[in-house]
J.: 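Mind looking over this structure? Questions follow.
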2 protein chains.
Amino acid sequence: MQRKEFTIDCQLCTHLKDSLFNGLTPEDLSRINNHKTCIQYKKGQNIFYEGTRPTGLFCINGGKVKVFKNNVQGKEFILYIAKPGDFLGYRALLSEEFYGATATVLEDAKICFIQKENFFEVLQKNPVFMKKVVKQVCQQMGIMEERMAELAHKSVRERLAGSLLMLKESYGMEGDDSVLLDIALSREDWASLVGTATETVIRLLSDFKSDELISFEGKKIRVLDPKRLAKQADLIVA
Amino acid sequence: MQRKEFTIDCQLCTHLKDSLFNGLTPEDLSRINNHKTCIQYKKGQNIFYEGTRPTGLFCINGGKVKVFKNNVQGKEFILYIAKPGDFLGYRALLSEEFYGATATVLEDAKICFIQKENFFEVLQKNPVFMKKVVKQVCQQMGIMEERMAELAHKSVRERLAGSLLMLKESYGMEGDDSVLLDIALSREDWASLVGTATETVIRLLSDFKSDELISFEGKKIRVLDPKRLAKQADLIVA
DNA sequence: AAGCTTTTATGACAAAAGTCATGTTTTGCC
DNA sequence: GGCAAAACATGACTTTTGTCATAAAAGCTT
């Protein structure tokens, strides 16, 4: 499989402003810029594999990537869905461990790879950047704590409704009266994200559709009634 | 409720060697030492509350503490069980958020409180310490990713077996042929840790007892057969 | 020691969710 | 455009787990 490279200047990257690299000194940014490799990936290709050693950091310039763990029975659980501007693989890099998850392209992607030496150098000589990274990691951790608690005590229905609302935040395209989730996930992917079986997702989504909480638009989902969906996400007793 | 203080010198603390503070310069350590407040807590007392603003870092000198989230129905999910040498509350501090969880004393505890200013100062002027903190946080995150995936796809039985083995690592006291878990958790706490109902834990623990995987010793549990327990923790098909 | 509260235990039942089988639709590809 | 594969859908059934009721046991307090 041939690697299709592309070029982009970090300084000119559209996503710089919402990325962790925002605020780097020109020298630091150009150090990153001059040492990166940018590759185009097709849907289905893997960026890195669980159990392998990280050698650098991935920065998404375009497309979408899922990061997931596979259990013994081959059941997948999606930890994150990354979009342009997001970093991938820093967790394992900073904990000095092997990758704990696999990253696969969901929608054709353009991804820059930064060798760990360059990342670490910028990190070390730039305490402000370091602080931002720490903050980001700890925020992420707070999100994971929340999600764990939900996995522990919420029903699949509640979690699915919650996932729809969560993706609405990241991928929602506001319409007049509804929001299109600009991400094409298979029912299987939804199941991996929510932590359930594919059939259950199919049934529940079709329930939500019957209840006019959502509608289907090709492979994408339109959220029609976020408020009622939020009620579904919380608790039945409420 | 009166605060019972106590005194301890960080330099002389038994847990210094396994703590993040290990390796600090004498000056840094004494800065921490001179500005800390040490308080004794009784079982059931709270250290901090979900939704409140963190003002510093807690360092456990003795006892055990559970950190948990409460959901809307009042169901508890235990995120961590902290023991001597562990830090508490750094996540919210570093992400500059409110506490995402509540910390309650499980077994009478002695806990030192370090004002955030002092913690941040040491953190800022000491890149090696910073790096250790980051590494620790990212390792913790890896553990949480693993646990999330288990919550998503493992049965309660598997998770309970897994939790027994996990606590064996932290609290196991090796005997001739078995390991006593040196931590007294109620059935309700076990349920909060595993993410299930109290009755289910009661039933499963008594199953495990019938199968001679564990035995009860007062309020504590003795692991009789870690290997078979590990089989229970993994998958049925295996 | 008695009486209260909390914890542990057990049974019966209901609800939620997983699994398996099968069928239909969509998609990708030559 | 037609074929194969993948994705989606639905029904039937089983298993797991939660819930509620009740009771026994253990811990505290006076």
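Proteins come first, then strands; the chains are lettered A, B, ... in the order of their sequence lines, and each starts at number 1.
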J.: When the ring centroid of A/Phe77 is compared with that of A/Phe68, is the distance short of 6.0 Å?
T.: no
J.: Please say whether the positively charged group of A/Arg222, taken as NZ for Lys or CZ for Arg, lies over the ring of A/Tyr171, i.e. under 6.0 angstrom from the six-membered ring centre and within 45 degrees of the axis.
T.: no
J.: For B/Phe58, does the six-membered ring have the charged nitrogen or CZ of B/Arg91 within the cation-pi criterion, i.e. under 6.0 angstrom from the centroid and within 45° of the normal?
T.: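 Checked: cation-pi criterion not met.
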J.: Without decimals, in angstroms, what is the distance between B/Glu158 CD and D/dT17 P?
T.: 8 Å
J.: Evaluate the side-chain proximity of B/Arg159 to B/Val156: yes if any heavy-atom separation is below 4.5 Å, no if none is.
T.: yes
J.: Nearest whole Å is fine: how far is C/dT8 C1' from B/Leu205 CG?
T.: 11 Å
J.: On the nucleotide D/dC8, are OP1 or OP2 found under 4.0 Å from the side-chain N or O atoms that A/Lys219 carries?
T.: yes
J.: Near DNA chain C, under 4.0 Å by heavy atom, which residues of residues 182-203 of chain A?
T.: A/Thr196, A/Ala197, A/Glu199, A/Thr200, A/Arg203
J.: Taking only side-chain nitrogens and oxygens of B/Lys154, does any of them come within less than 4.0 Å of OP1 or OP2 of C/dG18?
T.: no
J.: So which nucleotide from D/dG18, C/dG18, C/dA9 ends up closest to the side chain of A/Lys75?
T.: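 Among the listed nucleotides, the one closest to the side chain of A/Lys75 is C/dG18.
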J.: Keeping the roles fixed (side chain from B/Lys168, backbone from B/Pro226), state whether a donor-acceptor pair exists under 3.5 Å.
T.: no
J.: Base, sugar-phosphate alone, or nothing: which one does A/Lys43 contact when heavy atoms must sit under 4.0 Å apart?
T.: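 Answer is nothing: A/Lys43 stays at 4.0 Å or more from every strand.
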J.: Could you check how far NZ of A/Lys42 sits from P of C/dC29, rounded to whole Å?
T.: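 So the two atoms are 11 Å apart, to the nearest Å.
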J.: Going by atom types alone, do B/Glu145 and A/Tyr80 pair a side-chain donor with an acceptor below 3.5 Å?
T.: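 Present: a donor and an acceptor within the cut-off.
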J.: Under a 3.5 Å cutoff, is there a donor and acceptor pairing between the side chains of B/Glu188 and B/Ser186?
T.: no
J.: Without decimals, in angstroms, what is the distance between A/Gln73 CD and C/dT19 C1'?
T.: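 From A/Gln73 CD to C/dT19 C1': 13 Å.
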J.: Assuming nearest nucleotide by heavy-atom distance, tell me which of B/Arg157 and B/Gly218 is located more 5' along DNA chain D.
T.: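 Of the two residues, B/Arg157 wins.
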J.: What is the distance from NZ of B/Lys209 to C1' of C/dT10, rounded to the nearest Å?
T.: 14 Å
J.: To the nearest angstrom, how far is A/Phe77 atom CZ from C/dG18 atom C1'?
T.: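 Distance check: A/Phe77 CZ to C/dG18 C1' gives 17 Å.
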J.: Separation of A/His153 atom NE2 from C/dA15 atom P, in whole Å?
T.: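 The answer, rounded to whole Å, is 21 Å.
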J.: Could you give the CG-to-P distance, from B/Asp207 to D/dT15, as a whole number of Å?
T.: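 Distance check: B/Asp207 CG to D/dT15 P gives 16 Å.
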